[in-house]
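For reference, the structure is listed below as structure tokens.
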Amino acid sequence: MSLRAEVYSFDSFETASIEELRELQLARLSSMLARTYERVAHYRRKFDAAGVQPNDLRSLADLSKFPLTTKEDLRQNYPFGMFAVPMDSIVRVHASSGTTGQPTVVGYTQGDIRTWAGLIARSIRAAGGKPGDKIHVAYGYGLFTGGLGLHYGAEQLGCTVIPVGGGFTERQVQLITDFKPDIIAVTPSYLLAIADEFDRRGIDARKTSLRIAICGAEPWTDGMRDEIERRMGLQAVNIYGLSEVIGPGVGQEYVADKDGLTIWEDHFLPEIIDPDTGKSLPDGEEGELVFTSLTKEAMPIIRYRTRDLTRLLPGTGRAMRRIERIKGRSDDMLIIRGVNVFPSQIEGVLANIPEFAPHYILEVTRPGQLDELDVLVETRTPAAPHTEAALARQAEHMIKALVGVTSTVRAMPPGGIERSQGKARRVIDKRPKG
Ligand code: DLL
């Protein structure tokens, strides 16, 4: 790393030029690979089997020679086998439960917690927050990285943190009304449930003190953003991250641009691969997002397959590249009678029918030989049965035309679909496995 790069304070990398950024990434990547090879038996075995050594890396492009890492690798090393430091240097663990099997466990040194808090502080600033703002954190606290991740970063920025956590929706409304926060950090689906609770109490949600919502942890659409902004009278921006990479704060959307998420590339090197072949794809092409950590101490991660589908785009406000809003996860993709369907595509269609609220569930069954897709969606206001039926037929027609799959849509009255208090569950797949 050049002296120039080294003397930068933590956050001046945010505004580094492309050349400075690439130089910094290569220097950080080389030392991270060497350290990880030396300290983590799993990576040593995988590199040896693939016939690559850390000093084979001469340019950033050489990274594609190194093996990919999957959630399965983390599971096989459960709980602490991927750590690169002795246990007495680990000051915190988090874990993500996933839908099946063992949780994946991640660890942090004191330095990692500082780095992470710095990146969240940067994310909150990009979202339009500033020191002195009050932030209501409604992401879950505990093993999930959302609550504590936002918490430490907000403190580092100099905000007043209100550590509410998820759930107890009536209390969320009460605290927003009484404590008058400027910012709320929450999953987009839960923010809509909070908006419903404001309505139920007859309080105008647009009149609260909230200016900004920092929403992430689950896929959402521009339609949902419009809905949130309209009902809550604030700016809703996207935050991205995953526990295996660090937690929230891997990427953040700038409120001034709202044009996708800037990846904090001074700490996480993004790549896009073809999810079927594992081959690297050029920037601009859609595929699976892969990350390599550049600075993590406790649990460095090399070419981690996120399963998230998106594209890498050039930077706008910054030299750092952006990703498009996540389209879905490769493991969320439903194959219904041979047609590939992402829940976000159905959500996009439903959002075009103004009578529908953005609360829906996809149920997939196979009563005989063929798959069936049922779409359950709420209307915004109670509707007569014949109106519900007419809206449902309209949606079925649009889903067939735009997504290419036959479905049965059932319109439900407001409140008919269970609300999440964290990540929404959109798909119930009842087909026999295997
Ligand atoms: O969800 C970390 C997080 C907390 C991010 C709070 C943002 C805010 P995990 O539980 O490990 O970590 O889940 C990570 O959630 O691979 C994506 O599939 C999804 N995800 C996270 N943020 C977004 C987003 C946290 N903004 C997984 N848009 C990721 C779409 C997202 N999907």
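Ligands are counted one by one from 1 in listed order, and the atoms in each one are counted from 1 as well.
In this structure, R380 CZ and D199 CG are separated by 10.5 Å, a value rounded to the nearest 0.5 Å.
Checked by atom type, the side-chain pair Q25/E265 shows a donor-acceptor distance below 3.5 Å. S189 and S420 share a side-chain donor-acceptor pair at under 3.5 Å. A donor atom on one side chain and an acceptor atom on the other are found under 3.5 Å apart for Y360 and E347. Side-chain atoms of S123 and W264 form a donor-acceptor pair, as typed in the model, at a separation below 3.5 Å.
Proximity of N238 to ligand 1, defined as any heavy-atom pair under 4.0 Å, is confined to the side chain (atoms from C-beta onward). Contacts between I326 and ligand 1 below 4.0 angstrom, taking non-hydrogen atoms only, involve the side chain exclusively.
Not one N or O of F144 is nearer than 3.5 Å to an N or O of ligand 1, by distance alone. Below 3.5 Å of separation, one finds no N or O of W220 facing any N or O of ligand 1. Here's the thing with L261: none of its N/O atoms is less than 3.5 angstrom from an N/O atom of ligand 1. Checked against a 3.5 angstrom limit, the closest N/O atoms of E218 and ligand 1 fall inside it. The N/O atoms of S96, backbone and side chain alike, include none that comes under 3.5 Å of an N/O atom in ligand 1.
At least one heavy atom of K423 sits less than 4.0 Å from an atom of ligand 1.
Residue-ligand proximity, G241 to ligand 1, at heavy-atom distances under 4.0 Å covers atoms 2 (C), 5 (C), 12 (O), 14 (C), 21 (C), 22 (N), 25 (C), 29 (C). For ligand 1, the atoms closer than 4.0 angstrom to any heavy atom of G146 are 4 (C), 6 (C). Residue T145 has at least one heavy-atom neighbour below 4.0 Å for each of these atoms of ligand 1: 2 (C), 12 (O). For ligand 1 and P248, the ligand atoms under 4.0 Å from any heavy atom of the residue are 2 (C), 3 (C), 4 (C), 5 (C), 6 (C), 7 (C), 8 (C). For ligand 1 and G216, the ligand atoms under 4.0 Å from any heavy atom of the residue are 7 (C), 8 (C), 26 (N). Taking every heavy atom of P219 and a limit of under 4.0 angstrom, the matching atoms of ligand 1 come to 30 (C), 32 (N).
Applying the ring-ring contact (aromatic ring centres under 6.0 Å, His included) definition to pairs two or more places apart or across chains, those involving residues 119-149 are Y141-H151.
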**OP:** Decide side-chain hydrogen bond (donor to acceptor under 3.5 Å, both in side chains) for H267 and T295; before the verdict, give the C-alpha distance in whole Å, the side-chain angles of both, and the deciding distance to 0.1 Å.
**Re:** CA-CA 6 Å; H267 294 270; T295 52; 2.8 Å; yes
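Applying the side-chain hydrogen bond (donor to acceptor under 3.5 Å, both in side chains) criterion to R44, with sequence neighbours excluded, gives no partner residue.
Ring to ring, Y108 and W116 are close: their centroids are under 6.0 angstrom apart.
Looking only at heavy atoms of the protein, atom 23 (C) of ligand 1 is closest to A217 N, 3.5 Å. The protein heavy atom nearest to atom 18 (O) of ligand 1 is D308 OD1, 2.6 Å.
Between R318 and E14, the closest side-chain pair of non-hydrogen atoms falls below 4.5 Å.
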